[in-house]
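Worksheet: one structure, shown below.
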Amino acid sequence: MKKIFLLFICLLTIVSAKEYELGEGYQLGDTPLYVGGYFSLDYASYSKGDLQKVSLNDMALLSYGSYHKFSYMAEMEFKNYYVKTYDNGKTTTTKDTKLYAERLYADYTANENFMARFGKYNSNVGYWNLTPINVLRDTTSSPVTARVVFPKYTTGIDLQYHLFTQSEVSVNITLQDNNSLDEAYNNFYIKKHFGLGLEYSYDNLSVKLNGGYFHKKNHTQAYVDNYYGYLSFLYDNDTIKVMGGLGHRDDNREDAVKLSTYLQATYEIASHHYPVLRLEHYNAQIDIENGIKKDTSAVFGYTYRPVYPVAFKVEYQVHSNKALDKFLTSFSVMF
């Protein structure tokens, strides 16, 4: 019922919109409230066998706004809303029509130094995890690291403190000791998450160190203690962007990720044109994909943005495990 109500509010704001600019959402009259959304149409072709997939993915409505020291974000998403699979001459179609609560939080910004966030939000770990929307990323796919080391989403409190001098030093504390909001929309089923993050930024370079603990439900329906550490960086001077991450997760029960790391570079060779290269490696005690526990890969990609909220992307992945080789392309829009 809550999700239906939020969807109704989003649709109502679109009807009442006064001004609009692509990617910034519709403004509700003269209020500071906006509503928008995004979608992605994806195609994947796998080297092994004759497997192809076409999907209408990441179709979402979102609403946001701010008033004085308060702001909010509400994002409701259909994940894998429509997927058509072609496999050795056989065609199957699946639909997931459930509306998930991806993000739903409120912020209180006391001053330029302190901010508190309450609700379900992207865990403040690394840099890739803070850009969850396909159209805003440089590749259609995400690094394995972003989904096997730490929870992508947290339902609780995030406290942030920023100290500004010639550089910027930031500290964030993540606190969850309750059931997750829409726990099915996360990479782990969790009911606890405690984390600490330290970040240093100077000019175009930022470096972040995260560590934390979370309770993860395993296949026996029992919750298991997990501990993680994650080191990441981001360099962005508008022409070239380089980012990377290195993480480890342990639960003392041989269900761990020994090492997962990636390095990605994006270069603007001409206005609106961005070739991308990503290198990845992971070594785990669990099956990451297709029963594979260890893999090294390279992703060669290209992104064209006629305007920033619209992206055409292609990429080809080459893996040490050839069964994972694949071609991906997507068309995504944020409105």
Item to check | Donor-acceptor pair between E75 and Y105 side chains, under 3.5 angstrom | outcome: no
Checklist entry - Linking I/L/V/M/F/W/Y whenever any side-chain heavy atoms sit under 4.5 Å apart, do F327 and L277 land together? => result yes
Checklist entry - Between atom CG of D295 and atom NZ of K322, what is the distance when rounded to the nearest 0.5 Å? => result 10.0 Å
Next on the checklist: Around atom OH of Y267, are there more than 12 heavy atoms from other residues, nucleotides or ligands closer than 6.0 Å?
Outcome noted: no
Checklist entry - Do any N or O atoms from the side chain of T131 and from the backbone of L136 form a donor-acceptor pair under 3.5 angstrom? => result no
Item to check | Between T174 and T154: side-chain donor-acceptor atoms closer than 3.5 Å | outcome: no
Checklist entry - Hey, is the main chain of D177 close enough, under 3.5 Å, to the side chain of K192 for a donor-acceptor pair? => result no
Next on the checklist: Looking at S123 and P151, would you say the former's side chain and the latter's main chain have a donor-acceptor pair under 3.5 Å?
Outcome noted: yes
Checklist entry - Have N226 and H215 got a donor and an acceptor in their side chains that come within less than 3.5 Å? => result no
Checklist entry - Ring centres of F150 and Y230 under 6.0 Å apart? => result yes
Next on the checklist: Looking only at the side chains, is there a donor atom on one of Y185 and E77 sitting less than 3.5 Å from an acceptor on the other?
Outcome noted: yes
Next on the checklist: Heavy-atom count check: over 12 atoms from other residues, nucleotides or ligands less than 6.0 Å from Y81 OH?
Outcome noted: no
Checklist entry - Would Y228 and H193 satisfy ring-ring contact (aromatic ring centres under 6.0 Å, His included), going step by step from the backbone distance to the final call? => result CA-CA 11 Å; Y228 68 86; H193 183 197; 5.8 Å; yes
Next on the checklist: Check D251 with K216, please: is the shortest side-chain N to carboxylate O separation under 4.0 Å?
Outcome noted: no
Checklist entry - Hey, what's the ring geometry for Y304 with H272, parallel, tilted or perpendicular (30° and 60° as the breaks)? => result perpendicular
Checklist entry - Tell me, do H281 and K294 make a side-chain contact under 4.5 Å, heavy atoms counted? => result yes
Checklist entry - With a 3.5 Å cut-off and no angle check, do the side chains of S141 and R278 form a donor-acceptor pair? => result yes
Checklist outcome for this item: Residues at least two apart in sequence or cross-chain that pass salt bridge (charged side-chain N to carboxylate O under 4.0 Å, His left out) with K241, listed by chain then number, are D138
Item to check | Ion pair K313/E315, N-O distance below 4.0 Å | outcome: no
Next on the checklist: Are F114 and Y161, when compared by the centres of their aromatic rings, separated by less than 6.0 Å?
Outcome noted: no
Item to check | Note, V54 side chain near V83 side chain (heavy atom, < 4.5 Å) | outcome: no
Item to check | Any R147 side-chain heavy atom under 4.5 Å of F188 side chain | outcome: no
Item to check | Between Y316 and S47, a side-chain donor and acceptor under 3.5 Å | outcome: yes
Item to check | Transitive ILVMFWY side-chain link L56 to L99, under 4.5 Å | outcome: yes
Next on the checklist: What verdict does the ring-ring contact (aromatic ring centres under 6.0 Å, His included) test give for Y38 and F335, after you've listed the backbone C-alpha separation in whole Å, the side-chain angles of each residue and the deciding distance to 0.1 Å?
Outcome noted: CA-CA 6 Å; Y38 57 88; F335 54 86; 8.1 Å; no
Next on the checklist: If we count only N and O atoms by modelled type, under 3.5 Å, do the side chains of Y100 and D96 hold a donor and an acceptor together?
Outcome noted: yes
Checklist entry - Does any non-hydrogen side-chain atom of L324 lie less than 4.5 Å from one of I292? => result yes
Next on the checklist: Please check this pair: side chain of N80 against backbone of S55, looking for a donor-acceptor N/O pair closer than 3.5 Å.
Outcome noted: no
Checklist entry - Hey, does the side chain of H248 reach the backbone of K258 with a donor-acceptor pair shorter than 3.5 angstrom? => result yes
